[in-house]
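Read through the structure below, which is laid out as structure tokens, and then see the notes.
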Amino acid sequence: MPADTDIANMALSRLGTRATIADLSENSTEARQIKLWYATVRDDLQSLVDWNFNRVSQALASLGTPPSRWASSYAYPSDCLKMRRLDFGTASWVAGDPASDFEIASDGSGTFLYCNEDRVSAVYAQRVTDPARFTPGFVLALVDCLAAAVAHAITQKADLAEMLLRRAQERIERARADSANEGIAEGDAERLAQSLVVRDFDWMGDGT
């Protein structure tokens, strides 16, 4: 599987430039722009689509003392980018539903899930930073999204940035469709489309 620098160079190749980088920390315009956007775009993309490589299903660990209005306190996963499902015995919550039977909050030292149940299991999107775990489909989507994010700052070509943004959207929609075949939560398709509209403006910025 490609390394972070390989993904960066694939994104740069989308810009039609011959420039490549050897390290994300090197002192070049291309490296600085890629480094500026890389982690944010990667994490955002991992939360936008229900990828199989970063889908985690596990029981939450009881931890801490809940506020008086709740009976139980659980540690919220520190690597969670998006909570997709919670199971409380016979009841379940999926992303997009109102959070009426639990609360997620910080006490200043950590984040916790409070509820009145003695067992909670979760399905969530995990932050994955190791490119060796990325699937080919995710790599292609990340390349297109990263290229769209840095295009204007590196090339100063607004039309190129717009074209790359459309390409990134198409790639994400394709990934979403593939994920739907694996059982994406009902309603995520509409939320994904709405999220993409918002991100149009982010990716069309000048990278500063």
Side-chain angles (χ1 to χ4, degrees), residues 1 38-142 145 168-169 171-200 202:
M1 296 301 294
Y38 189 91
T40 299
V41 172
R42 178 201 63 210
D43 290 357
D44 194 41
L45 185 58
Q46 288 184 9
S47 67
L48 273 176
V49 179
D50 189 14
W51 307 96
N52 56 16
F53 75 90
N54 78 327
R55 186 189 306 124
V56 172
S57 180
Q58 67 178 32
L60 298 186
S62 178
L63 182 68
T65 302
S68 58
R69 61 185 177 277
W70 298 109
S72 302
S73 174
Y74 297 88
Y76 193 82
S78 60
D79 57 356
C80 175
L81 292 173
K82 179 178 181 180
M83 189 62 68
R84 301 199 183 280
R85 180 185 178 95
L86 291 168
D87 291 307
F88 308 90
T90 58
S92 295
W93 169 91
V94 295
D97 289 348
S100 58
D101 297 324
F102 67 94
E103 178 183 1
I104 296 172
S106 173
D107 68 349
S109 62
T111 303
F112 299 87
L113 184 147
Y114 303 124
C115 65
N116 293 320
E117 302 294 335
D118 57 7
R119 287 186 302 173
V120 179
S121 61
V123 178
Y124 65 90
Q126 178 190 50
R127 175 183 290 105
V128 175
T129 61
D130 181 3
R133 289 182 55 187
F134 298 167
T135 61
F138 177 80
V139 170
L140 289 172
L142 179 56
C145 291
Q169 290 175 332
R171 183 74 69 178
I172 293 174
E173 286 298 326
R174 194 177 312 159
R176 184 206 58 77
D178 291 342
S179 182
N181 291 332
E182 297 177 354
I184 192 170
E186 183 179 357
D188 273 4
E190 291 78 9
R191 286 186 288 275
L192 175 59
Q194 183 178 10
S195 180
L196 284 174
V197 170
V198 174
R199 283 162 178 78
D200 282 5
D202 294 337

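Every value quoted in this text rests on a predicted model; they were computed, and no experiment measured them.
- Remark: N54 pairs with no residue by the side chain to side chain donor-acceptor pair (under 3.5 Å) rule, at least two apart or across chains.
- Heavy-atom minimum distance, W70 versus S100: CH2-O, 4.4 Å.
- A donor-acceptor pair is defined here as one N or O able to donate and one able to accept, closer than 3.5 Å; no such pair exists between the side chain of S57 and the backbone of V123.
- Within the model, atoms CD of Q126 and OG of S47 stand 13.5 Å from one another, a figure rounded to the nearest 0.5 Å.
- Taking both residues in full, the closest heavy atoms of P66 and S72 are given as CB-O, 3.6 Å, listed atom of the first, atom of the second, then distance.
- With sequence neighbours excluded, the residues satisfying side chain to side chain contact (heavy atoms under 4.5 Å, CB included) with P77 are Q58, L60, D79, C80, M83, Y124.
- For D101, there are no salt bridge (charged side-chain N to carboxylate O under 4.0 Å, His left out) partners, not counting sequence neighbours.
- Residues that satisfy the side chain to side chain contact (heavy atoms under 4.5 Å, CB included) test with T111, not counting sequence neighbours, are Y76, I104, S106.
- In this structure a side-chain-to-backbone donor-acceptor pair under 3.5 Å is present from R55 to D50.
- Residues R84 and Q46 come closest through the heavy atom pair NH2-O, 3.6 Å.
- Between Y74 and D118, the shortest heavy-atom distance links the atoms OH-C, 2.9 Å.
- Not counting sequence neighbours, R42 has no partner by the side chain to side chain donor-acceptor pair (under 3.5 Å) test.
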For residues 87-94, tabulate all N or O donor-acceptor pairs below 3.5 Å that involve a side-chain atom, not counting sequence neighbours.
unit_1, atom_1, unit_2, atom_2, d
D87, OD1, R85, NE, 3.1
D87, OD1, R85, NH2, 3.2
D87, OD1, S92, OG, 2.4
D87, OD2, R85, NE, 3.2
S92, OG, R85, NH2, 3.3
W93, NE1, D97, O, 2.9

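- For residues 106-117, there are no salt bridge (charged side-chain N to carboxylate O under 4.0 Å, His left out) pairs, not counting sequence neighbours.
- Of all heavy-atom pairs between D43 and L81, the closest is O-CD1, 3.5 Å.
- If you take CG on L140 and CD1 on I172, they are separated by 12.5 Å, rounding to the nearest 0.5 Å.
- Not counting sequence neighbours, R119 has no partner by the side chain to side chain donor-acceptor pair (under 3.5 Å) test.
- C145 and V41 make their closest contact through CB-CG1, 3.6 Å (heavy atoms, listed as atom of the first residue, atom of the second, distance).
- Under the side chain to side chain donor-acceptor pair (under 3.5 Å) criterion, Y38 pairs with D4, not counting sequence neighbours.
- F138 is linked by a ring-ring contact (aromatic ring centres under 6.0 Å, His included) to W51, F53, F134, counting only residues two or more places apart in sequence or in another chain.
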